[in-house]
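What you are looking at is a predicted structure, and each value in this text was computed from that prediction instead of being measured. Side-chain atoms are counted along with the backbone in the values below, which use heavy atoms only and exclude waters and symmetry mates.
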Amino acid sequence: MLVLVGSSSTGKTRACWEAVQPLAAEGWLLWHPYDPTRAEAALTDLERVAPHTVVWLNEAQHYLGDLQAGERIAAALHTLLTDPSRGPVLILGTLWPEYEDQFTVIPRPGNPDPHSRVRELLASRTVTVPDTFDQDALGAAARLAQEGDRLLADALARAGSHGRIAQDLAGAPELLRRYKHGAPAVRALLEAAMDARRLGMGLHLPQAFLTDAAADYLTDDDWNRLTNDWAEAAYADLARPVHGKQVPLGRTNPRPARRPPIGPTPTTVAALPTGPMLRLADYLEQHGRTARRRLCPPASFWHAAYTHLIHPGDLNSLAEAAEEMGRAQWAHYLRLLAAGAGHPGALIKVAWERESAGDQEGAASLFWQAAGAGDPRGLKFLGQRLEMAGDREGAESLYRQAGEAGDPDAIRGLARLREQVGDLDGAEALYRRAADAGDPNSLADLMMMREDAGDREGAEAMAREATDAGDTLCFIVLTEMREDAGDLEGAEAVAREAADVGDISPLLHLWRAWHDSYPERAESAFRQAAEANGGPTPAHLARIQEEAGDREGAEAIALKAADAGDFYVLRDLERMREQAGDQEGLDALYRHAADAGHIRSLLGRGRWQYGLDPDGSPSSPWSTE
């Protein structure tokens, strides 16, 4: 199996196609599953793949990223690869880098892990395709051009300086030109489509939705100049092909499902779209993801989504995006629609809202509906509520059902019940089982169990084991536990050990925690973190800039760190300005964080303080936050 990873129009598919040509002469067959949908076709017929077959998974995100079937497809591919009786077979796929990142990133502790099997499948099976031709390839292209290849000669004249030959040949510049120089109505429709795709909507976009969504992308002057047939004219313009027979935004005909449903029968079947459906060109979609990634769509976009969308996945994706962007009312109403259409994730979040409002019976009903729609978390959350109510037997039954249905966190719940009755050996076995199944918190829980039992050496060994497995949370949790117990030297020793294996966050935690109470210890922890990091940390640099009065410089460092996933530097600036009584500076920080798309990282701290986990669910008494 080999998956080529690269940006749009870099030649991934062509490279795969050229590579398999010699196999045809040896009697190999090629299978491209796509009907009625790519995911359904793959899941239904993978077991029928015979030896000497090329399984063609072009744009593999449509298979591995499917919310309902992706993990099952990954498991079926793994079975195909590891069954000697079915070989030889070759699985070829292509992916954009952002999808590879989405599939392979290890989630933060406490967050769901929806792509654990996909991550295992892709390990050591990807090859990066560069965005540009290197000098050797450009030299080969130049020789071919000199020998009479006029197409390459034209492409080299336009793209030889930067090496983006494949994109040029695929028509990307013309697509971009059509967008940038299009009429206002054309640009508005394209930007609405770009926002829809980057915020999680599917490939097929309802035309009625895009038409209404485009309204607020236009200025008042442009809006007043529109004729009655503006939409028809704009769509006709966007349907004109560019080089490579691509169109900026064109009609598409999604195939209806004609096969029996796979897996649990959903509680509500999504209605089929009744109007025309459109698809945005891949290159423009990728351009929109980059150029518009920090922009929030206008009100007409959300109103059009609420008015026209019926697909539960689209509704839920936009509800999540609206919440991330601070559009709480739209998030609420879109999530209600998604829940009504049977989306299990939306059902669960609406259940939390009902529970917070005191409607326990309504919440329980929604959790059951989510379980019936195929999400075992519904059973797990029902089990948690029984556990809090003291019904251990009922909680254990639901946890077992959820665990058998594929929720490793439910197995962790069983381990917790064993720990509570003193069965530490049984608890350890279950914690390890949950960890093997992909639960990110189980090793940390096992470490805390050993620490609480007085087994300090065992707790430290567990932290090392978790770190080797890719879980960087355990050392910081152990640091906090010893700090809370008053063992400052023990806390610092654990933090130093974490730094030795490349994680300086426990030392930075001690710096933040001891800043006021133990300033000398805090400075020592900070220096050790800087030394282990090979130089000053972003937090250190931002602090120096802040103390020197360079607020803009400090914010620039903090926002850059947040872009890389380190939100604590932002929170450090927030704390420093709060302590200094710098309300103007705080306001500026919030504005800049919002503009950069990181306001949630600051608001998230308050959410935890008021009894909510970072994913929006009510905090439980066993939360590690």
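- Taking a cutoff of 4.0 Å between a charged side-chain nitrogen and a carboxylate oxygen, K349 and E323 qualify as a salt bridge.
- Partners of E98 by salt bridge (charged side-chain N to carboxylate O under 4.0 Å, His left out), not counting sequence neighbours: none found.
- In this structure, CG in D314 is found 12.0 Å from CG in L337, a value given to the nearest 0.5 Å.
- Between F209 and A196, the shortest heavy-atom contact is CE2-CB, 4.0 Å.
- Results of the salt bridge (charged side-chain N to carboxylate O under 4.0 Å, His left out) test with E460 over R496, R482, R450 single out R482 as the only residue that passes.
- Looking only at distances, a side-chain donor or acceptor of R327 sits under 3.5 Å from a matching main-chain atom of M325.
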Would Y568 and L508 satisfy side-chain contact (heavy atoms from CB on, under 4.5 Å), going step by step from the backbone distance to the final call? CA-CA 9 Å; Y568 289 101; L508 291 177; over 6 Å; no
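- Proximity of R125 to L122: side-chain heavy atoms (C-beta onward) are nowhere separated by under 4.5 Å.
- Residues D500 and R464 are not paired through a salt bridge, judged by the lack of any N-O separation under 4.0 Å between the basic side chain and the carboxylate.
- Residue-environment remark: NE2 (H78) stays at or below the threshold of 12 foreign heavy atoms within 6.0 Å.
- Of all the heavy atoms in I348 and G378, the pair that sits closest is CD1-N, 4.0 Å.
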Under the criterion side-chain contact (heavy atoms from CB on, under 4.5 Å), I'd like the reasoning laid out for L64 against H115: C-alpha separation, chi angles, the key distance, then a yes or no. CA-CA 8 Å; L64 303 178; H115 303 298; over 6 Å; no
One pair to check against side-chain contact (heavy atoms from CB on, under 4.5 Å): T104 and T126. What are the steps and the verdict? CA-CA 11 Å; T104 58; T126 61; over 6 Å; no
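- With respect to the salt-bridge test (charged N to carboxylate O, under 4.0 angstrom), the residues R412 and D409 qualify.
- W352 contributes atom CH2, which lies 12.5 Å from atom CG of L366 (distance to the nearest 0.5 angstrom).
- Heavy atoms only, all atoms of each residue included: L199 and P297 are closest at CD1-CG, 3.6 Å.
- Between atom CG of residue D425 and atom CG of residue L430 there is a gap of 11.0 Å, rounded to the nearest 0.5 Å.
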Step by step, would you call E355 with F381 a side-chain contact (heavy atoms from CB on, under 4.5 Å)? CA-CA 11 Å; E355 187 174 62; F381 291 132; over 6 Å; no
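- Between I73 and L46, some side-chain heavy-atom pair lies under the 4.5 Å cut-off.
- Minimum heavy-atom separation, Y63 to A42: CD2-CB, 3.7 Å.
- Across every non-hydrogen atom of L507 and A525, the tightest pair is O-CB, 3.6 Å.
- In terms of modelled atom types and a separation under 3.5 Å, the side chain of E483 and the main chain of A491 share no donor-acceptor contact.
- Side-chain atoms of F103 and Y99, non-hydrogen and from C-beta on, do get closer than 4.5 Å to each other.
- No donor-acceptor pair under 3.5 Å is formed between the side chain of R354 and the backbone N or O of G358.
- D445 has its side chain out of reach of E419: every pair of non-hydrogen atoms, C-beta onward, lies at least 4.5 Å apart.
- Rounding to the nearest 0.5 Å gives a distance of 10.5 Å between CG of N441 and CZ of R416.
- At least one side-chain heavy atom of E489 sits under 4.5 Å from a side-chain heavy atom of R521.
- Environment of NE2 in H332: crowded, with over 12 heavy atoms of neighbouring residues, nucleotides or ligands closer than 6.0 Å.
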Would you tabulate the side-chain donor-acceptor contacts of residues 452-459 under 3.5 Å, counting partners in other chains and residues two or more places apart, or write 'none'?
unit_1	atom_1	unit_2	atom_2	d
D455	OD1	G458	N	2.8
R456	NH1	D487	OD2	3.4
R456	NH2	D487	OD2	2.9

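- In this structure, the separation between CG on D375 and CD on Q68 is 8.5 Å, given to the nearest 0.5 Å.
- Counting heavy atoms from C-beta on, the side chains of L309 and M201 come closer than 4.5 Å.
- Of the options M576, E574, R591, a side-chain contact (heavy atoms from CB on, under 4.5 Å) to L586 is made by E574 and by none of the others.
- Enclosure of atom CZ in R117 is not indicated, since only 12 or fewer non-hydrogen atoms of other residues, nucleotides or ligands lie within 6.0 angstrom.
- More than 12 heavy-atom neighbours from other residues, nucleotides or ligands sit within 6.0 angstrom of CD on Q579.
- With values rounded to the nearest 0.5 angstrom, I411 atom CD1 is found 4.0 Å from R433 atom CZ.
- Ion pairing between E404 and R400 fails under the 4.0 Å rule for side-chain N and carboxylate O.
- Looking at heavy atoms from C-beta onward, L57 lies in side-chain contact with P33 at the 4.5 angstrom threshold.
- The minimum heavy-atom distance linking A463 with C474 is given by the pair CA-CB, 3.9 Å.
- Between W96 and V5 the shortest side-chain heavy-atom distance does not fall below 4.5 Å.
- Of the N and O atoms on the side chains of D113 and S116, not one donor lies less than 3.5 Å from an acceptor on the other residue.
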